[in-house]
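Single-structure report; data block below.
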Protein chains: 2
Amino acid sequence: MRQDLPATAYALLGLLTLGEEPVTGYELKQRADSTLRFYWVSPAMSQIYSELARLTERGLVAATSEQDGGREVTSYAITAAGREALHTWMADTPAGFPVLKHSVCLRLLMGHAADPEGTVRMLEEYVEECAAARADLQQVRDGLRGNDGPGQPFFHPSLVADWGLDYFEDEARHARRALDRLRED
Amino acid sequence: MRQDLPATAYALLGLLTLGEEPVTGYELKQRADSTLRFYWVSPAMSQIYSELARLTERGLVAATSEQDGGREVTSYAITAAGREALHTWMADTPAGFPVLKHSVCLRLLMGHAADPEGTVRMLEEYVEECAAARADLQQVRDGLRGNDGPGQPFFHPSLVADWGLDYFEDEARHARRALDRLRED
DNA sequence: ACAGCCATGTAACTCGTTACATGATTAC
DNA sequence: GTAATCATGTAACGAGTTACATGGCTGT
């Protein structure tokens with residue numbers, strides 16, 4: 001049975017396996033923003049809801065609605081079929097090469113068509129943004145401590161977080177190097 | 001006058017500034033594949049043609065059709081208005097943070113839901129793919145030599161190429177580090 | 001009282017892809 | 001002659017976004 005869902009659907013399934021209790025779409029968005037967004041486009045709220053609807057339809061997640069005062073709140077949990085689908089996807093579908101839309105490199109490539117000061121400013125800002133992203137991720141990483149050993153729940157997230165921390169540092173280094181060469185002449 | 005075109009349109013405009021002669025859509029695709037694709041999604045042929053049509057409509061590129069034997073071949077060149085639009089876009093529109101869809105990190109994040117051997121295999125393959133991408137880019141980089149000094153035509157492309165070479169090396173290093181930690185336990 | 005967060009969705013739209021279709025030229 | 005490459009497009013579709021709409025709950 002081919003599932004053929006977009007990667008984002010499996011990303012959401014994966015996020016649902018990170019906790020025990022069912023979560024609302026809103027909470028899932030927050031979970032995505034705090035973990036996923038460093039390596040993957042964090043989906044818009046509207047997409048989370050429509051994706052959850054599709055996953056529910058296919059029986060990969062189970063929705064439970066409850067009355068919370070005057071409003072109806074729906075929480076979602078991954079089902080056994082969902083876990084199986086996720087597992088199958090991970091085993092059978094090649095990961096593929098990461099897709100990058102590096103706006104900074106794109107502009108640097110066409111730097112001859114811009115004001116030199118503009119290019120320098122852009123790179124300086126990028127260095128700062130990398131530092132900020134790194135600080136955000138460091139917060140997340142710190143929250144994993146104590147449960148990040150082999151076999152523990154946050155083992156894999158900690159691997160990815162450390163990857164990301166290095167990545168942001170490297171990016172800042174690359175930008176600084178380009179800045180040095182721009183200032184040379 | 002707001003132009004409000006997608007970044008890919010400006011990327012194509014930028015590619016058109018890299019050479020002197022008008023190029024066909026087909027040649028533009030090859031130019032994109034050899035430079036852009038390392039930092040930006042290389043657009044599909046069909047998108048190149050439709051984007052060129054829109055740019056022509058707006059007067060940012062000029063199309064010249066010629067009879068080449070039995071078939072009509074259309075070549076495109078950037079216009080003065082196109083250069084101005086590109087310059088304005090570079091000056092006024094913030095670059096924004098790069099968008100990443102890192103399928104390898106995404107899967108590593110959910111590694112607990114996969115077979116450990118599968119995760120290891122994925123990372124080993126990624127290391128190889130990074131090496132292959134780096135080798136491809138090295139070819140491109142070598143082609144820039146001699147014209148890559150400050151003020152020369154390939155100065156900015158060479159900055160980006162060196163950035164990319166380092167990037168692929170870093171990625172392979174990150175993957176190897178994750179592999180080491182996976183093998184530890 | 002009012003701001004800000006929690007929570008859920010719909011509608012319109014754009015970007016970009018794959019599949020399809022066509023046909024000329026060039027190299028073996 | 002036939003395969004690969006050059007060259008140009010159309011059509012259908014899917015992913016994902018922004019804008020819009022609604023309304024309850026919570027803290028000050």
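In what follows, chains are A, B, ... by sequence order, proteins preceding strands, each numbered from 1.
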[atom1] of [X] versus [atom2] of [N]: gap in Å, rounded?
| X | N | atom1 | atom2 | result |
| --- | --- | --- | --- | --- |
| A:Gln47 | C:dA7 | CD | C1' | 18 Å |
| B:Arg71 | C:dT25 | CZ | C1' | 5 Å |
| B:Arg54 | C:dT14 | CZ | P | 9 Å |
| A:Tyr26 | C:dT8 | OH | C1' | 11 Å |
| B:Ile48 | C:dG16 | CD1 | P | 11 Å |
| B:Leu12 | C:dC15 | CG | C1' | 13 Å |

Review point. How would you list all residue pairs meeting ring pair (Phe, Tyr, Trp, His ring centres under 6.0 Å) that involve residues 93-150 of chain B, not counting sequence neighbours?
Key: A:Phe97-B:Tyr126, A:Tyr126-B:Phe97, A:Trp163-B:His102, B:His102-B:Tyr126
**Study point:** CA sep, side-chain torsions, deciding dist, call: A:Asp170, B:His174, side-chain contact (heavy atoms from CB on, under 4.5 Å)
**Key:** CA-CA 11 Å; A:Asp170 291 337; B:His174 299 147; 2.9 Å; yes
To the closest 0.5 Å, what do you measure between [atom1] ([X]) and [atom2] ([Y])?
| X | Y | atom1 | atom2 | answer |
| --- | --- | --- | --- | --- |
| B:Phe154 | B:Leu18 | CZ | CG | 7.5 Å |
| B:Thr17 | B:Leu12 | OG1 | CG | 11.0 Å |
| B:Ser158 | B:Leu144 | OG | CG | 6.5 Å |

Exercise for review: Please collect all salt bridge (charged side-chain N to carboxylate O under 4.0 Å, His left out) contacts where either partner lies in residues 121-132 of chain B, sequence neighbours excluded, each pair once.
Suggested key: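 Found B:Glu124-B:Arg183.
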Check your understanding: Below 4.0 angstrom from OP1 or OP2 of C:dC6, is there any side-chain N or O of A:Gln30?
Key ->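 Yes, because at least one side-chain N or O of A:Gln30 sits under 4.0 Å from OP1 or OP2 of C:dC6.
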Review point. Think A:Thr74 has a side-chain N or O under 4.0 angstrom from the OP1 or OP2 of C:dA7?
Key: no
**Study point:** Chi angles and distances behind the side-chain contact (heavy atoms from CB on, under 4.5 Å) call for B:Ser34, B:Gln139
**Key:** CA-CA 10 Å; B:Ser34 77; B:Gln139 295 269 42; over 6 Å; no
Point to revise | Step-by-step salt bridge (charged side-chain N to carboxylate O under 4.0 Å, His left out) determination, A:Asp180 to A:Arg177 | key: CA-CA 5 Å; A:Asp180 287 343; A:Arg177 183 175 151 189; over 6 Å; no
Review point. Would you call B:Arg54 and B:Glu51 a salt bridge, taking side-chain N to carboxylate O under 4.0 Å as the test?
Key: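 Salt bridge between B:Arg54 and B:Glu51, a charged N being under 4.0 Å from a carboxylate O: yes.
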Check your understanding: Do B:Arg37 and B:Asp136 sit within salt-bridge range, that is, some charged N less than 4.0 Å from a carboxylate O?
Key ->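 Salt bridge present between B:Arg37 and B:Asp136.
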Review point. Using a heavy-atom cut-off of 4.0 Å to chain B, what are the terminal contacting nucleotides of DNA chain D, in 5' to 3' order?
Key: D:dT5 to D:dG16
Check your understanding: Tell me, which of residues 35-46 of chain B have any heavy atom that sits under 4.0 Å from an atom in DNA chain C?
Key ->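 Output list: B:Val41, B:Ser42, B:Pro43, B:Ala44, B:Ser46.
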Review point. If you look at every strand shown and take non-hydrogen atoms under 4.0 Å, does A:Lys101 touch a base, only sugar-phosphate, or nothing?
Key: sugar-phosphate
Practice item. Would you classify A:Gln67 as touching base, sugar-phosphate or nothing, given that sugar-phosphate means primed atoms plus P, OP1 and OP2, and contacts are heavy atoms under 4.0 Å? Key: nothing
Check your understanding: What does the inter-axis angle of the helix from C:dA1-D:dT28 to C:dC28-D:dG1 come out as, five pairs per end, nearest 10 degrees?
Key ->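 That helix gives 30° between its end axes.
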Point to revise | Residues forming a side-chain contact (heavy atoms from CB on, under 4.5 Å) with A:Ala63, sequence neighbours excluded | key: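 side-chain contact (heavy atoms from CB on, under 4.5 Å) check on A:Ala63 returns A:Thr56, A:Thr74, A:Tyr76.
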